[in-house]
Amino acid sequence: MRQSMLKSLAFAMVISGLAGAAAAQSYPTRPVRVILPYPPGEAADIMARLIGPKMSEGLGQQVVVENRPGASGQIGLDLAARAAPDGYTIAVGQGGNLVVAPHTYKKLPYDPLRDLAPIALLATNYLAVVGNPEVPFKTAAEMIAWARANPGKLTVATNGEGGFPHLAFENLGVMGRFKFQHIPYKGAAQIITDVMGGQVQLGIGAYTSLAPHVLSGRVRLIAVTNPVRVPNKPDLPIFAEAVPGYDSRGWFGYVAPAATPRDIVGRLNQEINRAMKQPDVAEKMTAAGLIIVTESPEFFGEMIRSDYAKYGKLVRDIGFKPQ
């Protein structure tokens, strides 16, 4: 009796596996929806709309991008996590809402490690720390030395408590062994205005948005958060040269509902990576200050898990209270 039941179960599993493989081979048979948890015009939105047509060519079906912003990306990612795991609804996530928010919010509607499956890492980017031209330091090493000599006097503006820029600088403070005063703002525009005006010494934000002010001389670039010199901008100083091992990159990537078949995830990964390698896509992405990545779902999954653990520990170490 028991042997018969085991044989039946094994047969059912084989049939299920064959059915899944057959479904993956025929995938897709209708349009694929990409949920963008951000407003139109943001970096992730631009990337998804740039590579969407390239994906359509390879998949043989339309790729429809749908903006569903709100709650710092939580609304869109929750929709993706709850969607049918059939490859017809995927989403674009980023470090802020996949590995930082789980530790800085008291409750999220999704668990990024349990409810979402990594498909492909699109690109990494980096933050820049800029200062008022009158600050008494010019380099990362000088900034750290000044902050150590003047504990808690260094003032740093970010776009809010618990956001990725805030934690990126907290990470620098922990690794560099210095204290600073965090000044949270509601938007990047006011940060740069107050840095230029001297109301705050430093500001941290996306390099691409701060670069025009650096080039004009209105603010001084201290360093960027990439772990190595940026390939197409090797003259940009990096904090890792003053604080070995420091790495606070941002990143963007595609995710799917957790139970999406592995073969379908693999097909999507293949088409996304193919799209990213197209010369016109690569040129525009690089011009936007992004570093293209074309790796496996497993590579992206490991990056999510590693950064999840990293920022979870950081939040605990600095005593941050989830909001």
Side-chain angles (χ1 to χ4, degrees), residues 38-39 42-43 72-73 94-97 100-101 103-105 125-226 236-240 242-243 246-250 289 311 314-315 317-323:
Y38 324 100
E42 290 199 2
S72 300
Q94 62 176 334
N97 47 40
V100 171
H103 305 294
T104 57
Y105 283 82
N125 64 349
Y126 45 92
L127 302 174
V129 173
V130 298
N132 182 281
E134 301 302 319
V135 294
F137 43 79
K138 295 182 179 180
T139 68
E142 290 173 357
M143 181 206 81
I144 292 169
W146 189 90
R148 288 174 180 169
N150 299 272
K153 292 185 178 181
L154 181 69
T155 55
V156 183
T158 80
N159 62 354
E161 290 277 357
F164 180 68
H166 173 206
L167 291 191
F169 205 89
E170 290 281 7
N171 190 29
L172 181 64
V174 169
M175 294 186 68
R177 305 187 310 279
F178 67 88
K179 301 291 185 182
F180 66 97
Q181 184 181 351
H182 177 223
I183 313 293
Y185 280 70
K186 292 184 178 180
Q190 191 59 46
I191 290 175
I192 199 66
T193 297
D194 282 7
V195 170
M196 289 189 293
Q199 285 82 7
V200 63
Q201 288 175 302
L202 300 177
I204 180 171
Y207 172 77
T208 49
S209 64
L210 296 174
H213 305 290
V214 173
L215 294 174
S216 71
R218 291 191 289 264
V219 296
R220 174 186 297 161
L221 175 65
I222 305 300
V224 300
T225 64
N226 210 53
L236 295 181
I238 58 173
F239 282 108
V243 182
Y246 177 75
D247 176 6
S248 282
R249 284 172 292 178
Y311 288 105
L314 177 64
V315 165
D317 287 348
I318 65 175
F320 182 84
K321 302 299 182 185
Q323 306 297 304

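When a residue number appears, it is its place in the shown sequence, counting from 1.
The side-chain hydrogen bond (donor to acceptor under 3.5 Å, both in side chains) analysis of residues 210-223, with sequence neighbours excluded, yields the pairs H213-R218, S216-R218.
Qualifying salt bridge (Lys or Arg N to Asp or Glu O under 4.0 Å) partners for D194, counting only residues two or more places apart in sequence or in other chains: none. Qualifying side chain to side chain donor-acceptor pair (under 3.5 Å) partners for N150, counting only residues two or more places apart in sequence or in other chains: none.
In this structure, OH on Y126 lies 8.0 Å from OG1 on T208, to the nearest 0.5 angstrom.
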Between I183 and Q199, is the side-chain contact (heavy atoms from CB on, under 4.5 Å) condition met? List the steps. CA-CA 10 Å; I183 313 293; Q199 285 82 7; over 6 Å; no

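Counting heavy atoms from C-beta outward, V156 and V129 have side chains that stay 4.5 Å or more apart. Using a 4.5 Å heavy-atom threshold, the side chains of Q323 and T104 count as separate. Contact of the L210 side chain with the L221 side chain is not registered, since no non-hydrogen atoms from C-beta on lie closer than 4.5 Å.
Listed for the R148 side chain is a donor-acceptor partner under 3.5 Å among the backbone atoms of G176. At least one donor-acceptor pair under 3.5 Å links the side chain of T225 to the backbone N or O of L127. A donor-acceptor pair under 3.5 Å links the side-chain atoms of T155 to the main chain of Q201, judged by distance alone. Looking only at distances, a side-chain donor or acceptor of N132 sits under 3.5 Å from a matching main-chain atom of V195.
A parallel orientation is assigned to the rings of H182 and H166, their planes being inclined by less than 30° (bins at 30° and 60°). Using bins of under 30°, 30° to 60° and over 60° for the plane-to-plane angle, the ring pair F169/F239 lands in the perpendicular bin.
Residue E134 places its CD atom among 12 or fewer non-hydrogen atoms of other residues, nucleotides or ligands, all under 6.0 Å distant.
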